[in-house]
*Asks:* 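Have a look at the structure that comes next, please.
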Amino acid sequence: MTIIEKTGGIKYWHKIVVLLCLGWTVMWIYRPVLTAIFPEVQQTIGPQSNTALGLIASCYFFAYTAMQIPAGMLVDKFGKKAVVIPGFLLFTIAALIIGNAHSITMIYIGSLLAGLGCGSYYGSAWSLSAENIPSEHRGFASAIINTGSALGMGISLLATSFLVKSLGMPWQYMLYIIAALLLCLVAGFAIIIKEQSKIKQAKQNDNIIKTTATQQVESQTSHSFFSSRMVASYIMYFATCYGYYMIVSWLPNFLETERGFTGGSIGSASSLVAFAAIPGALIISKISDKYRNKRLLFIIALELIAAATLLTTVQSATITFLLAGLIFYGLFGKLTVEPILISHVAETAPKTNYGTSFGVFNFFGMSSSVIAPPLTGYLADFTGTKITGFYVAIAILIIATVLFFLLNMHKSANNN
């Protein structure tokens, strides 16, 4: 089902990589946009508890997570464009609702709609990636796509800190800018994404079935959505996302309220995680493509390093060690390990149901994003510090890494 045509010397899959990278960039400009400016938002909607503020992210991630499996199935049935374009139009409406909100209830509603709209993207994006990017370039190309997440997060934190906090721009303008960018993306999706006809796809699938009958018998066991390797990936992705979305939701506020950062320095420090992830993801994914048989080792090592860097961040006695912890978490954390995990899933998931496979995978990962923001807020209200939330994230990451190792070793032992 791969489209290999060229236009002006540019391969189709190159266009897909650029388009998907831009998609993640805009989504991640939105995701942390309110976290660095909670005080300014509260000047409009009134004072709120940490738990209530954490629920803003939870509304988004609850709807986003709930959409993963249905959206993946819709992608497999109707195609990528038919799912992602309506989803991003709904996302645009949601951004405008939040930008005009005068109560936290309106922000909750807008966040729910934004989550539903963004929920259309993951299955569409990684299905396009898995179907069109050559396997020998998949890890590196996935890392390029994923750098959009880091780039968007960095832009968002810097823009909100400097434009809103330092220059006094109304916080609502950030949402209007996001809405305009989303409309540009919708046009890009409509122009660039090319869908094969369902009849042609069905014929190709029939040929695959006829020529790989023996492999399909194996796939019913080894390529099940809930095989031991897939379950191990779900657990690992849950823990990876838990720590990351805890940081996305609360790091700016943690730096401001517990470490004394002010003004633009909040965005600068917070964005270190995002910008450090770009070289880390590109370099490590390139190496993992070269040593594809060692991907499991890469994943386990990166997760343990991420846990160690988070511990360094919260236990640091000086600003220097705190910033170093954030930089190393960016280099070795979620945005670096995610492309390798995605490549691992692409090789073990059912080949004719990529949309559903990635939907299930992301459902489990993003479930943590529903839990992490309000739980961290609750723990902060209960203990008086957000450091407790960091310790919980570290413990979850270590436990999940051990389970990931054991489940994959068990599978390898069975194969032998």
Side-chain angles (χ1 to χ4, degrees), residues 27-42 45 47-68 94 98 101 104-119 122 149 152-153 156-157 160 171 175 237-258 266-267 270 273-274 306 310 313-314 326 329 333-335 362-397 400:
M27 281 179 60
W28 274 93
I29 290 174
Y30 167 79
R31 281 184 175 177
V33 72
L34 299 179
T35 61
I37 51 172
F38 275 154
E40 288 77 11
V41 173
Q42 290 181 90
I45 65 173
Q48 307 294 329
S49 69
N50 286 321
T51 304
L53 293 174
L55 283 172
I56 295 174
S58 284
C59 286
Y60 170 87
F61 287 123
F62 175 80
Y64 180 88
T65 302
M67 275 295 292
Q68 291 310 297
I98 296 173
I104 197 165
T105 301
M106 283 187 69
I107 293 181
Y108 287 156
I109 293 170
S111 296
L112 281 169
L113 294 177
L116 290 174
C118 290
Y122 196 95
S149 303
M153 179 180 173
S156 180
L157 292 172
T160 50
W171 65 269
L175 279 302
Y237 198 46
F238 175 92
T240 302
C241 289
Y242 185 97
Y244 188 71
Y245 289 111
M246 182 272 298
I247 288 176
V248 169
S249 300
W250 287 108
L251 180 61
N253 188 264
F254 169 76
L255 294 176
E256 184 174 15
T257 60
E258 299 194 32
I266 300 170
S270 300
V273 172
L310 282 179
T313 300
V314 296
L326 293 177
Y329 178 75
K334 188 251 188 187
L335 294 178
N362 203 37
F363 172 83
F364 281 92
M366 297 307 297
S367 296
S368 66
S369 65
V370 180
I371 300 169
L375 179 58
T376 304
Y378 171 78
L379 291 172
D381 289 336
F382 184 74
T383 64
T385 176
K386 298 177 186 70
I387 292 177
T388 309
F390 280 83
Y391 288 140
V392 170
I394 293 166
I396 290 173
L397 192 54

*Asks:* First locate atom OG of S367, then atom CG of N362, and finally report the distance between them rounded to the nearest 0.5 Å.
*Replies:* 9.0 Å

*Asks:* Do T376 and F390 have side-chain heavy atoms sitting under 4.5 Å apart?
*Replies:* no

*Asks:* In this structure, which one of F238, F62, Y245 forms a side-chain contact (heavy atoms from CB on, under 4.5 Å) with I371?
*Replies:* F238

*Asks:* Measuring only between side-chain heavy atoms, which start at C-beta, is W28 closer than 4.5 Å to L335?
*Replies:* no

*Asks:* Calculate, to the nearest 0.5 Å, the distance between atoms CG and CD1 belonging to L379 and I387 respectively.
*Replies:* 12.5 Å

*Asks:* Identify, with sequence neighbours excluded, every residue that meets side chain to side chain donor-acceptor pair (under 3.5 Å) alongside T383.
*Replies:* T388

*Asks:* Which heavy atom of C59 sits nearest a heavy atom of S111, and at what distance?
*Replies:* CB-CB, 3.9 Å

*Asks:* Taking C-beta and beyond as the side chain, do P252 and F38 meet within less than 4.5 Å on heavy atoms?
*Replies:* no

*Asks:* Restricting to non-hydrogen atoms, name the atom on M366 and the atom on T65 that form the minimum distance, rounded to 0.1 Å.
*Replies:* O-OG1, 3.0 Å

*Asks:* Which atoms form the tightest heavy-atom contact between I104 and A52, and what is the distance?
*Replies:* CD1-O, 3.9 Å

*Asks:* L34 versus I107: any side-chain heavy-atom pair under 4.5 Å?
*Replies:* yes

*Asks:* Would you confirm whether S156, through its side chain, and G152, through its main-chain N or O, come within 3.5 Å as a donor-acceptor pair?
*Replies:* no

*Asks:* Is there a side-chain contact between L326 and I247, using heavy atoms and a 4.5 Å cut-off?
*Replies:* no

*Asks:* Please give me the minimum heavy-atom distance between E256 and P39, naming the atom from each residue.
*Replies:* OE1-CG, 4.3 Å

*Asks:* Distance check, rounded to the nearest 0.5 Å: I29 atom CD1 versus L175 atom CG?
*Replies:* 12.0 Å

*Asks:* Is the closest side-chain heavy-atom distance between I56 and V41 below 4.5 Å?
*Replies:* no

*Asks:* How close do T257 and K386 get, counting heavy atoms only, and between which atoms?
*Replies:* OG1-NZ, 3.4 Å

*Asks:* When you measure from the side chain of Q48 to the backbone of Q42, do you find a donor-acceptor pair of N or O atoms at a distance under 3.5 Å?
*Replies:* no

*Asks:* Could you walk me through whether L116 and Y64 pass the side-chain contact (heavy atoms from CB on, under 4.5 Å) check?
*Replies:* CA-CA 5 Å; L116 290 174; Y64 180 88; over 6 Å; no

*Asks:* Quick one: are V33 and W171 in side-chain contact, heavy atoms under 4.5 Å?
*Replies:* no

*Asks:* So, taking the atom named SG in C118 and the one named OH in Y60, what distance separates them when rounded to the nearest 0.5 Å?
*Replies:* 3.5 Å

*Asks:* To the nearest 0.5 Å, tell me how far M246 CE sits from I394 CD1.
*Replies:* 7.5 Å

*Asks:* Around atom OH of Y391, are there more than 12 heavy atoms of other residues, nucleotides or ligands at under 6.0 Å?
*Replies:* yes

*Asks:* Tell me the closest heavy-atom pair linking L55 and P374, and the distance in Å.
*Replies:* CD2-CB, 4.1 Å

*Asks:* I'd like to know if the side chain of T240 reaches the main chain of K334, judged simply by a donor and an acceptor atom lying under 3.5 Å from each other, with no hydrogens or angles considered.
*Replies:* no

*Asks:* On the 0 to 90° scale, with breaks at 30° and 60°, tag the Y329-Y244 ring pair as parallel, tilted or perpendicular.
*Replies:* parallel

*Asks:* Are any of the side-chain heavy atoms of L375 and Y242 separated by less than 4.5 Å?
*Replies:* yes

*Asks:* Under 6.0 Å from the OH atom of Y378, do we count more than 12 heavy atoms belonging to anything else shown?
*Replies:* no

